[in-house]
Amino acid sequence: MAFQKAVKGTILVGGGALASVLGLSQFAHYRRKQVNLAYVQAAECVSEPVNREPPSREAQLLSLQNTAEFDILVIGGGATGCGCALDAVTRGLKTALVERDDFSSGTSSRSTKLIHGGVRYLQKAIMKLDIEQYRMVKEALHERANLLEIAPHLSAPLPIMLPVYKWWQLPYYWVGIKLYDLVAGSNCLKSSYVLSKSRALEHFPMLQKDKLVGAIVYYDGQHNDARMNLAIALTAARYGAATANYMEVVSLLKKTDPHTGKERVSGARCKDVLTGQEFDVRAKCVINATGPFTDTVRKMDDKNAAAICQPSAGVHIVMPGYYSPESMGLLDPATSDGRVIFFLPWQKMTIAGTTDTPTDVTHHPIPSEEDINFILNEVRNYLSCDVEVRRGDVLAAWSGIRPLVTDPKSADTQSISRNHVVDISESGLITIAGGKWTTYRSMAEDTINAAIKTHNLKAGPSRTVGLFLQGGKDWSPTLYIRLVQDYGLESEVAQHLAATYGDKAFEVAKMASVTGKRWPIVGVRLVSEFPYIEAEVKYGIKEYACTAVDMISRRTRLAFLNVQAAEEALPRIVELMGRELNWDDYKKEEELETARKFLYYEMGYKSRSEQLTDRSEISLLPSDIDRVSMSKWMKIHYMKF
């Protein structure tokens, strides 16, 4: 039976019956209305956004050029950098942010898509009596609840199954997962539970059943990471931050402090990557939030600065949706080499990952065939022998660089910090590094607190707890029905728009083209098997998309779901962007070539095409192969003309 329980000024919603009746997304919305009354109070302290819509990129560039001095200049447009900008601007600080590529173009768009506290970190905290890791898990669980609250359209609770194949492991894992619930406290999404073998197979029928004794199910959050990052950036822009993508920091500006005689960082020389124009952006405080490129900016400040970033590559693969249930994930707690593998439904596909191997820092990480095969082998260990895990079913693959850091102030400089590190250089450059996606907000809060203290800025406490991100405030689980009824969109497309843009979905629907069919009335798809429509390309430009790669990978997620579908949609995307941005034929061809290169190397198309060329994994008669080959040849040549 559903129940409500007041705990420390908050309302905790529980009861499996309610979740079962409403479903996960509706249950998340119900929680949004009921949970954490303190969040509402925090959000009410913030004035309304100064802009109804984010200003254009051109307007943002003018703001960067014409503002005499900002209070805060953030370098880096990932989750942490955008979080810093949002935290600063909502405290009333004059804020700027620059990113050399696109928002979320690096690690923040290449995650496991989980919003989680970290079950394995809690295990280590208990086994090693590590208070730092315990605090990190507790903080992450608080941030998990907040993120589900402020962006309900982009996130939802997800049940994750931990299959058990030895009887003694059942109580061992059960205690660990129950402690996870306990540490979450009032922020627990839903209580974990044990399943018998038969019930586990009902929920996850493709699971390996030999020697299976049961399973434990616990709850974490899942989100659309690139869109979440973009929502943070757009929200910061609406509150008045001057944010610009494709703005590279060429060098740091410095001036002598008249009181101490020491040089202090006072801004940055920035270059518009798209036009080549350079200008200075001055600020009282500069924040380095560049993830894997942390040391590059640190060495701009001090060429003798010790490296603190130890990059690690995490590879993920995407497989068809039939590899996992639509609403149940899987956790392999102990792979063959001791790593943890997640197997999760996402955007009607299945994500498997991640690996964890040392790597060099690069702007263009490439998933290796070795890592892809490692993940496939681990998946085979957990799926029934009735399910043939095929290399050809890998629809996309990517590598993200996780910026593990050592604390430069620690006595043991070789020890990697599990938590984030805020470092302040002698010249006043503030670096935020490490941490995880889930804790971006608290990382930003700590960073801005340090900036205020170090540079004597006048600002109050952080106001981002409970502050709705772009699209979240007026979203509801039934919003998509209005899109269907008012605009004549397909139900699948309407659900996608509502889950991607939240209450801004109506603006996308207004841009949708008439199909010329009886139904749907509007909403021409970019590619037949995915719900992305042409109107999203036009709207994506309003969201600062500047290139075709921005559109296929971060405004839509086509490149992360199916590289072949992304390539198929590319010509139309480039044509639509060309109309809006006045591209000539040379620019259009350049965009096509760059996007195809991105798909080929960074999204696993190279590995996939080589595998499919070497051996077909589909059973076809010779006549069928000839017919398919001829069809493909005709399609390619038709596209050329």
Could you walk me through whether Ser427 and Ser425 pass the side-chain hydrogen bond (donor to acceptor under 3.5 Å, both in side chains) test, one step at a time?
CA-CA 5 Å; Ser427 62; Ser425 73; 3.2 Å; yes
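- Of the charged side-chain nitrogens involved, at least one lies within less than 4.0 Å of a carboxylate oxygen, so that Arg269 and Glu278 count as a salt-bridged pair.
- Aromatic ring centres of Tyr532 and His496 lie closer together than 6.0 Å.
- Thr357 and Thr355 form no side-chain donor-acceptor contact under 3.5 Å, judged by distance and modelled atom types alone.
- Nearest approach of Ser105 to Asp101, heavy atoms of both residues: OG-CB, 3.2 Å.
- Atom NZ of Lys587 has more than 12 heavy atoms from other residues, nucleotides or ligands within 6.0 Å.
- Atom CG of Asp584 has more than 12 heavy atoms from other residues, nucleotides or ligands within 6.0 Å.
- Side chain of Thr594 to main chain of Glu591: no donor-acceptor pair is present (N/O by atom type, distance under 3.5 Å, no hydrogens or angles).
- In this structure, the ring of His363 has its center less than 6.0 angstrom from the ring center of Phe293.
- In this structure, His420 and Ile432 have side chains that are in contact, with non-hydrogen atoms separated by less than 4.5 Å.
- Between Leu234 and Tyr544 there is a side-chain heavy-atom pair separated by less than 4.5 Å.
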Can you check ring-ring contact (aromatic ring centres under 6.0 Å, His included) on Phe506 and Tyr501, steps first, answer last?
CA-CA 9 Å; Phe506 296 101; Tyr501 304 96; over 10 Å; no
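- For the side-chain contact (heavy atoms from CB on, under 4.5 Å) with Thr447, the qualifying choice from Ile287, Asn288, Thr431 is Ile287, the only one to do so.
- Sparse packing is recorded around NZ of Lys510, with 12 or fewer heavy atoms of other residues, nucleotides or ligands lying under 6.0 Å away.
- Taking the charged nitrogens against the carboxylate oxygens, Arg264 and Glu426 have no contact shorter than 4.0 Å, which rules out a salt bridge.
- Between Asp71 and Lys458 there is no salt bridge, since none of the side-chain N atoms of the basic residue sits less than 4.0 Å from a carboxylate O of the acidic one.
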Please evaluate residues Ser104 and Asn229 with respect to the criterion side-chain hydrogen bond (donor to acceptor under 3.5 Å, both in side chains), reporting the C-alpha separation (whole Å), side-chain torsions for both, the decisive distance (0.1 Å), and the verdict.
CA-CA 6 Å; Ser104 196; Asn229 192 157; 3.2 Å; yes
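- For the residue pair Arg557 / Asn562, no side-chain donor-acceptor distance below 3.5 Å is found, with atom types taken as modelled.
- The shortest side-chain heavy-atom distance between Ile541 and Met551 falls under the 4.5 Å cut-off.
- When atom types are taken as modelled, the side chain of Arg298 and the backbone of Ala306 share a donor-acceptor pair closer than 3.5 angstrom.
- Between Ala79 and Tyr440, the closest heavy-atom pair is O-CD1, 3.6 Å.
- The cationic atom of Lys588 (NZ for Lys, CZ for Arg) does not lie both less than 6.0 Å from the six-membered ring centre of Trp583 and within 45° of the ring axis.
- Summarising the geometry of Gly77 relative to Leu97, their closest heavy-atom pair is CA-CD2, 4.1 Å, with the distance given to 0.1 Å.
- Enclosure of atom CD in Gln65 by more than 12 non-hydrogen atoms of other residues, nucleotides or ligands within 6.0 angstrom is indicated.
- For the pair Arg110/Glu602, a side-chain contact is recorded, criterion being any heavy-atom separation below 4.5 Å from C-beta on.
- The main-chain N or O of Asp474 is found under 3.5 Å from a side-chain atom of Asp503 such that the two form a donor-acceptor pair.
- Under a 4.0 Å N-O distance rule, the pair Glu593/Arg596 does not qualify as a salt bridge.
- Partner Asn245 forms a side-chain hydrogen bond (donor to acceptor under 3.5 Å, both in side chains) with one of Arg57, Arg100, Gln60 and no other, that one being Arg57.
- Aromatic ring centres of Tyr605 and Phe598: separated by at least 6.0 Å.
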Evaluate Trp437 against Thr112 for side chain to side chain contact (heavy atoms under 4.5 Å, CB included), listing each step before the verdict.
CA-CA 10 Å; Trp437 221 121; Thr112 312; over 6 Å; no
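- Taking every heavy atom of both residues into account, Ala233 and Cys82 meet most closely at CB-SG, 3.6 Å.
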